[in-house]
Amino acid sequence: MVVEKLSNEAPFEELMNSARLRLLQMHYEAKVGHIGGNISCLDAIMVLHHLIMSPEDRFILSKGHSAGALYIALWSLGKIEESDLKTFCKDDTLLPGHPSGSGIPGLMFSTGSLGHGPSLSAGLALAAKRVGSKRHIYCLCSDGEWQEGSCWEALIFAVHHRLDNLTILVDQNGLQGFGRTQDIVSYSDVGGRMAAFGANIQKVNGHDYRAVSGALMSGTVGRPNVVILDTVKGKDLHFEGDVSSHYLPLTEEQYLAGRRAIEGLGE
Ligand SMILES: [Mg+2]
């Protein structure tokens, strides 16, 4: 099934460009920040939801501030209505700036308080194993999150319980809220450190959907899987790699320039 989907390359790339445009528009119209980190993980979220996950699988967005990318993926699957996107971050919306576990199809937990997704996901993976379910759990984290001890505790737990039905993706864009990750709390080679804890590690270009798909389709029996996504905050947009795209909303000029850049990708 996945191979068939991947062989049809043009439609997925067209789908990605339409997702980027709609994400940019939604953030601009809502006057909401976090666009940079949403762009950096949109490819992986779209790959997961369109090419990898089965209906019984579950996705935990540990970096809850990238809720927009998740909403766009669900919209592109027909699970969220266009009318819902127009209410993004407004009062009484189904779609707040960080995802709520009440009401959004397929979402089990409210997330956004960072460092909790890996533990929630490891618990789900253990529960699935104990009842003999084929369910696979996917958890998307930021790179800054791995400065939190709770993430490492979850990894210890997952390795101990041999949770090979758990895949943790790390959106390694090198930036976090207040600057470069290596300047905030320095750690080098997070993948190597996670391997030392006993996880199976793969590192791929997080903007290459074929590479991301390939990594997500492989794993090691008896070990949790980690896919380190080498990504760029605000990829292909004029604020590429700019930490201001973490918090600041888009101006009209920035939005229009972003649209032109994305539309140029399809030419
Ligand atoms: Mg980051």
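Heads up: numbering here begins at 1 and tracks the sequence. Both counts, for ligands and for their atoms, begin at 1 and track the order of listing. The model shown is predicted, which means the values in this text are computed figures rather than measured ones.
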Under-2.8 Å protein N/O/S neighbours of the Mg ion (ligand 1), ordered by chain then residue number |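 The answer is Asp143 OD1, Asn173 OD1, Leu175 O.
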
Could you grab the distance from atom CG of Leu107 to atom CG of Leu61, nearest 0.5 Å is fine?
->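 If I round to the nearest 0.5 Å, the distance is 7.5 Å.
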
Starting at OG of Ser66, measure out to CG of Asp171 and round the result to the nearest 0.5 Å.
->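 Spacing of OG (Ser66) from CG (Asp171) equals 6.5 Å.
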
Decide whether a cation-pi geometry holds between Lys90 and Phe88; the criteria are a distance under 6.0 Å from NZ or CZ to the six-membered ring centre and an angle within 45° of the ring axis.
->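 No, Lys90 and Phe88 do not form such a contact.
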
Check whether more than 12 heavy atoms from other residues, nucleotides or ligands sit under 6.0 Å from atom CZ of Arg135, and answer yes or no.
->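 Counting other residues, nucleotides and ligands, CZ of Arg135 exceeds 12 neighbours.
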
Is the count of non-hydrogen atoms from other residues, nucleotides or ligands lying under 6.0 Å from Glu81 atom CD greater than 12?
->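 No, CD of Glu81 has 12 or fewer neighbouring heavy atoms, counting only those of other groups under 6.0 Å.
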
With sequence neighbours left out, write down each residue that passes side chain to side chain contact (heavy atoms under 4.5 Å, CB included) with Ala154, or none if nothing qualifies.
->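 Checked Ala154 against side chain to side chain contact (heavy atoms under 4.5 Å, CB included); matches are Pro118, Ser119.
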
